[in-house]
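First up is the structure itself, then whatever we jot down about it.
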Amino acid sequence: MVERKTTATDVIDTLGLEPHVEGGYFRRTYQSDHRDMLTTAGGPRYLMTSIYYLLTEQSPVGQFHFNQSDILHFFHLGDAIEYSLILADGSLQTLVMGSDVLAGQHLQFHVPGGLWKASRLLHGSNGFGLISEAVSPGFDFADMEMGNRQKLTAQFPQHRILIEKLTRDDD
Ligand code: GUN
């Protein structure tokens, strides 16, 4: 039997993913309903939440956004994904998640809250990259800010070209 290669549409359909406001696709897989909520400065939050997150050739960018919570990323399937982080002091960190650990790609990646993060699918033979994210305190839209291109460029002019690639043109 000839094996058919898994496509981005197969993954979206099988895992029941929906478009994410950052770009890409997601589905929440877990929230710690059975535990007391955490008290945070922004209000009560789950102790932890988790999602699948998928980038595809049609939606290859998770745009710059700011999270309050810590996030653990776990690579599952497909092509590698490049992460760009802009720290509060303006320094830039990049890291590639993927299965080629011998080439220095990462299966796990933790991102502390309090910085700007974007992701981008790298070109490969699959046309998609699938990860999971475990978020603690649990994800809440009130703790997340989408990056505005003008505002971010004004704050970090040294990263203008990257910011233009990894934000939406709202004008
Ligand atoms: N990013 C990380 N976790 C989540 C989540 O649970 N929901 C949404 N919409 N985005 C997330």
Side-chain angles (χ1 to χ4, degrees), residues 8-88 92-99 105-122 126 128-149 151-152 162-163 165-170:
T9 307
D10 293 334
V11 178
I12 291 168
D13 291 347
T14 306
L15 298 182
L17 307 184
E18 298 191 351
H20 197 290
V21 63
E22 296 160 16
Y25 299 84
F26 83 112
R27 179 167 62 84
R28 183 175 283 196
T29 53
Y30 173 78
Q31 59 191 31
S32 41
D33 289 310
H34 61 303
R35 293 190 180 275
D36 291 342
M37 300 291 275
L38 284 181
T39 304
T40 75
R45 301 285 184 264
Y46 291 111
L47 179 62
M48 184 165 74
T49 59
S50 186
I51 59 167
Y52 284 124
Y53 185 67
L54 178 80
L55 291 174
T56 70
E57 273 172 351
Q58 275 68 43
S59 188
V61 170
Q63 295 159 29
F64 268 114
H65 60 284
F66 188 94
N67 288 302
Q68 298 289 350
S69 291
D70 300 337
I71 305 188
L72 262 171
H73 303 70
F74 303 90
F75 185 83
H76 296 307
L77 286 177
D79 300 325
I81 297 175
E82 181 185 72
Y83 283 81
S84 300
L85 309 180
I86 302 177
L87 280 58
L92 176 72
Q93 280 182 11
T94 59
L95 180 142
V96 176
M97 292 201 79
S99 56
Q105 295 179 355
H106 293 257
L107 295 173
Q108 274 193 29
F109 177 36
H110 76 273
V111 176
L115 48 77
W116 292 93
K117 178 184 87 174
S119 55
R120 172 174 81 89
L121 182 69
L122 297 181
N126 295 283
F128 67 86
L130 176 71
I131 66 155
S132 282
E133 298 187 16
V135 184
S136 181
F139 181 86
D140 191 298
F141 273 109
D143 301 330
M144 189 263 246
E145 180 185 348
M146 285 303 299
N148 172 275
R149 181 175 293 182
K151 248 172 75 178
L152 267 187
L162 184 72
I163 291 167
K165 251 175 49 183
L166 301 176
T167 52
R168 205 174 279 133
D169 186 3
D170 291 323

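When a ligand or atom number is given, it counts from 1 through the structure's own listing order. Excluded from the calculations below are hydrogen atoms, water molecules and symmetry mates; all remaining heavy atoms, backbone and side chain alike, are included. Predicted, not measured: the structure shown is a model, and the values here were computed from it.
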Where ligand 1 meets V135 - atom numbers and elements under 4.0 angstrom, heavy-atom basis: 2 (C), 3 (N)

Protein heavy-atom partner closest to atom 4 (C) of ligand 1 - residue, atom, separation in Å: F139 CG, 3.2 Å

Single hit among Q63, R149, H65 for side-chain hydrogen bond (donor to acceptor under 3.5 Å, both in side chains) with T167: R149

Heavy-atom check, side chain of E145 versus side chain of W116, under 4.5 Å: yes

Ligand 1 to E22 polar contact by distance, N or O atoms, under 3.5 Å: no

Pair Y46-Q31, side-chain donor/acceptor within less than 3.5 Å: yes

H20 N/O to ligand 1 N/O under 3.5 Å: yes

Under 4.0 Å to a heavy atom of E133 - the qualifying atoms of ligand 1, by number: 2 (C)

Element-labelled atoms of ligand 1 that are located less than 4.0 Å from some non-hydrogen atom of R28: 5 (C), 6 (O)

Check: S69 and F139 side chains under 4.5 Å, non-hydrogen atoms: no

Within the 6.0 Å centroid threshold, strictly below: H73 and Y83: yes

Where ligand 1 meets F26 - atom numbers and elements under 4.0 angstrom, heavy-atom basis: 7 (N), 8 (C), 9 (N)

Proximity flag Y53 to ligand 1, non-hydrogen atoms under 4.0 Å: no

K117 side, atom NZ; I71 side, atom CD1 - distance, nearest 0.5 Å: 4.0 Å

